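These numbers come from a predicted model, not from an experiment.
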There are 2 protein chains.
Amino acid sequence: MIIGAGFAGLAAMKVLGRRDADVTVLDRTNHHLFQPLLYQVATAALNPADIASPIRRIVRRSKNIRVLMGEARSIDVGRRVVVLDGGEVPYDFLIVATGAGHSYFGHDEWERYAPGLKSIEDALEIRRRVLSAFEIAEREPDEARRRAFLSFVIVGAGPTGVELAGTLSEVARKTLARDFRRIDPAHARVILLEGGPRVLLSYPDDLSESAKRQLERLGVEVRLNSLATNIDDSGVDVGDDRIEARTVLWAAGVAASPLARTLGAPLDKAGRVEVEPDLTIPGHPEVFVVGDLMAASEGGEPVPGVAPAAMQAGRSAARNILRQIRGKPNEPFHYVNKGLLATIGRASAVADLPGLKFSGLVAWLLWLFVHIFFLVGFRNRLLVMIQWAYSYFTYDRGARLITTTWHGLTRSRAAAAGAIASEPDHSASAPER
Amino acid sequence: MIIGAGFAGLAAMKVLGRRDADVTVLDRTNHHLFQPLLYQVATAALNPADIASPIRRIVRRSKNIRVLMGEARSIDVGRRVVVLDGGEVPYDFLIVATGAGHSYFGHDEWERYAPGLKSIEDALEIRRRVLSAFEIAEREPDEARRRAFLSFVIVGAGPTGVELAGTLSEVARKTLARDFRRIDPAHARVILLEGGPRVLLSYPDDLSESAKRQLERLGVEVRLNSLATNIDDSGVDVGDDRIEARTVLWAAGVAASPLARTLGAPLDKAGRVEVEPDLTIPGHPEVFVVGDLMAASEGGEPVPGVAPAAMQAGRSAARNILRQIRGKPNEPFHYVNKGLLATIGRASAVADLPGLKFSGLVAWLLWLFVHIFFLVGFRNRLLVMIQWAYSYFTYDRGARLITTTWHGLTRSRAAAAGAIASEPDHSASAPER
């Protein structure tokens, strides 16, 4: 059984497909999500379906793989069952690949004011907030309030924060530049807050410095050593400094999936499972933990939470299961560093490859190539390439839709028709008022 | 001022753009929606952004047009103001083009069990329900319950009902055919209920007959003279006959936008405004009502609620406003019938053109051509053509995503993490349980 169809789970599926093993894949969504491009959905460049493929479609030809949509509530490693809502699934071998969510460092109340970016739903919510902010600013007569709607704060300058900040600044300066009559979107402020001393902390110093310069060239205000101490519906406090901003995005903390806690294995501070060298948990050579949920190390260094590491771990776990089926013992996992890539904006990126570092246009072209290449499905690759080419030449973004939720919509319709009293609808109105 | 950026409002904007007039366009969404292809979003063939264009983007070059996102609450024709949430907008000339929503014939409580198809949100909700039904059926051990999840009822056999029924049957029989292990999606039942004696009542008898045959060839059960008498969370009653079906879609009734009532003009039974020959309301030559909101007639026949009629009406109203600005009186509106087209499924359609009727492949090719041609924006045309070509050859559909709402998601995340008590979440769980 495989829980989670992200990069790690998908890699395991590919090894186990059409082999002599009955495989069940459980995921709470029906799709594999290409997370590295999620920020492009949040910033209206791509459609959700361009970066998400139905899991069933991917494994259609592997008749030994059964896909279930549902959420694992807990794992009983003693009885060897996974507990779902309304049922249990027994297993002989288990791969847990449920990844990580956001951590608000004990301030879960900040989530409603500052959504993070992990799912399609997150991306659409961010898109709705960002585009709505410009719409509300256009209608807002009060100068101070208008400025707050045109201020965007991104908390955390890791790869996601850097991508979001660079892209948002481009959207304001280029895509929306000529579309408004009262406001000038190019005057929007994009502020990137980082608690540490530099952006992209996992990169070498000089690439961090280059990324910061590239961000500033795109119009982003980068504030280092700046920890958000409070977030509410109208802005962010950084110590005694107050930033009035109606749109705040969270790219700071990562917390392992809570499913990890039910394994009874040792966890690190972020809630990740401290795995054995073969990625299993102590005393259970049949239970593998892979991807962002594992705390593994290679040569004394922690294995980073990036897609290539997840794919390598998923493949290693699946191969060890095939070995055990043949009566052989597990082999240890070895992470091979293929390098790190982070994009910042149009023709801006940094690349930290083994023995090679570069930034700017060449890094960006490499980033483009790698991301198109690893995207699942020919159809997605073609559509993404066309949309990128179109955006590159026109600065336009095709997915500039503000959508609410169906339930929010039906309630507001009914209220407009006078059929029912209007009730507060958090889906439709948060966070603008 | 123009309220509503559908086909009628957009046509009026195009006439008034870059003329010597200050135009304000108000819409509650930020996009113009190409409604004729909305059923393709509901059935996972296209992305929302493929058929929706930001209104600001469309009128970017018309500096005399200002776009506001917001909802008109009422119109005061005496004071010549449109009342919004938190404000009023004065006008000299007004075009009301807010269209129509669903009518449940006095049974508004059916809406939650049987969503209709008018907005992007509706389409995504239908897509979620349809795709989720197959997922739940795959996990459901009970035979009778499984059958109910694999039964789909469409209420109303007008153009939207026919499109939805034909396409859903294709999705089950072709797209999903090989993707499940326990259930066979090809055994899904698609039942089209029509209260009248034939499908596509606005078409000639022989085309209705042809459409029915084409539907049945695609596997749809067509039930004529069958009025839904009750709808609940597990099915539909047709008199004494009960159909157990977990997914019910509404394509039966249309009701004019409630804004019409605030005009003080005479309304017809569906709530549409009975306009003067120049599409104005009695006593107010400066107030035009166009599109699905108008009850107009041509040669004794009612003008149908189709896109070409809306566009013609929008243009007529805008031209009359330009005439009045030059001191000339309004001219009456004349509807020119360009014909009716309805699609049923792959290579299936009917066409009722002036002096010419045909069905099948030729009608379908004409339908394809017309819809690509009228789609707004080169980018959308290109992307839709590629996706249609891909779907045609592979039977695959690219947008097979089940997504919930952000608020539903954050609540379920928090509940999983044990941070807050789980509360009933209608956004995420309806209608499956």
Bottom line for B/P141: the part with an atom under 4.5 Å from chain A's heavy atoms is neither

Applying a strict 4.5 Å limit to non-hydrogen atoms, the region of A/L124 in contact with chain B is neither

Note: A/L68 and B/R139 closest approach over all heavy atoms is CD2-CG, 3.6 Å

If one checks every heavy atom of B/L176 against chain A at 4.5 Å, the contacting part turns out to be neither

Heaviest contributor of heavy-atom pairs below 4.5 Å to chain A, chosen from B/V59, B/T29, B/N30, is B/N30

From the list A/S257, A/A399, A/P54, A/G70, the residue making the most non-hydrogen contacts under 4.5 Å with chain B is A/P54

Applying a strict 4.5 Å limit to non-hydrogen atoms, the region of B/I120 in contact with chain A is side chain

Closest heavy-atom pair, B/D179 versus A/R60, reported as atoms and distance to 0.1 Å, is OD1-NE, 2.6 Å

Looking only at B/P115, B/G87, B/A44, the option with the highest number of non-hydrogen pairs under 4.5 Å against chain A is B/P115

So, the part of B/L382 with a heavy atom under 4.5 Å from chain A: the answer is side chain

If you measure from the Lys or Arg side-chain nitrogens to the Asp or Glu carboxylate oxygens, is any gap between A/D396 and B/R57 under 4.0 Å? yes

When the 4.5 angstrom heavy-atom criterion is applied to B/T175 and chain A, the contacting part is backbone

Between the CZ atom in A/R178 and the NZ atom in B/K63, the distance rounded to the nearest 0.5 Å is 6.5 Å

Okay, B/S62 and chain A: the region with an atom under 4.5 Å from a heavy atom over there is backbone

Cut-off 4.5 Å, heavy atoms of chain A, and the answer for B/I402 is both

dist B/R181:CZ -> A/T24:OG1 (nearest 0.5 Å) comes out at 11.0 Å

If one checks every heavy atom of B/N380 against chain A at 4.5 Å, the contacting part turns out to be neither

Review point. Do other residues, nucleotides or ligands put more than 12 heavy atoms under 6.0 Å from B/D184 CG?
Key: yes

Correct closest heavy-atom pair for B/L401 and A/A52 would be CD2-CB, 3.5 Å

Distance col, row A/R400:CZ vs B/S53:OG, nearest 0.5 angstrom, shows 10.0 Å

dist B/R56:CZ -> A/E135:CD (nearest 0.5 Å) comes out at 4.0 Å

Output for pair (B/N47 CG, A/L383 CG), nearest 0.5 Å, gives 8.0 Å

Taking every heavy atom of B/V67 against every heavy atom of A/E138, the minimum-distance pair comes out as O-CG, 4.2 Å

In this structure, OG1 of A/T394 is separated from CZ of B/R379 (nearest 0.5 Å) by 9.0 Å

Is it true that, when you exclude B/N64 itself, more than 12 heavy atoms of the residues, nucleotides or ligands shown sit nearer than 6.0 Å to its CG? yes

